[in-house]
Amino acid sequence: MQLTARCPSCQQSIRTEVSQATVELNCPSCNWTRPVVRTDLGHPKATRCLACGCPDLWRQKDFPQRLGLLIVGLGALLSTIAWAYMLPVVAICILMAFALVDFLLYTLMKDVLVCYRCQACLGDSAVDEDHPRFTLEVAERYRQEEIRLKNSMNPQS
Ligand SMILES: [Zn+2]
Ligand SMILES: [Zn+2]
């Protein structure tokens, strides 16, 4: 499966392919490594974050929001041009065509799992359809945990 994570040591992004044969993750920019826990890889679905071992992951579409906005924006622009040329039917057809493309792209996109703690992204062809989506409650729990962790590291602040 495809893993996109941020190196906890140097903050560089790491993109790598993790398989049953992968022994450890390593950062291309520094010396950070982390052994891959066999059970974290799941069978065949990932249950834990491979980068930090966090058991809470949310499911989302692997759809870049910017691309979606670009498609909608382009559709709106073209249809405005058609309106300007007094072609209302063409304008409406353009809008509908672009909305359809947007919808199709979204439906065809695969799901990915995102880690609540480190935001690592696990692209998996076999993401469970029943896997829970993002909830603010869990995200808040991890945010609090991070604040506590920071405070305990420098108690003066
Ligand atoms: Zn690094
Ligand atoms: Zn993580």
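The structure presented is a predicted model; accordingly, all values stated were derived computationally and were not measured. Ligands are counted one by one from 1 in listed order, and the atoms in each one are counted from 1 as well.
Put simply, the angle at the Zn ion (ligand 2) from SG in Cys118 to SG in Cys52 is close to 110°, to the nearest 10°. Seen from the Zn ion (ligand 1), atom SG on Cys27 and atom SG on Cys10 lie at an angle near 110° (rounded to 10 degrees). Our summary of the site lists the angle at the Zn ion (ligand 2) between SG of Cys49 and SG of Cys115 as 110°, to the nearest 10 degrees.
The Zn ion (ligand 2) has no N, O or S atom of Cys54 inside 2.8 Å of it.
Comment: Arg143 does not engage Glu146 in a salt bridge, judged by the lack of any side-chain N to carboxylate O separation of less than 4.0 angstrom.
In this structure a side-chain-to-backbone donor-acceptor pair under 3.5 Å is missing from Arg34 to Leu25. Between the side chain of Gln60 and the backbone N or O of Asp111, no donor-acceptor pair lies under 3.5 Å.
When Leu57, Val18, Val112 are each tested for a side-chain contact (heavy atoms from CB on, under 4.5 Å) with Leu122, only one passes: Leu57.
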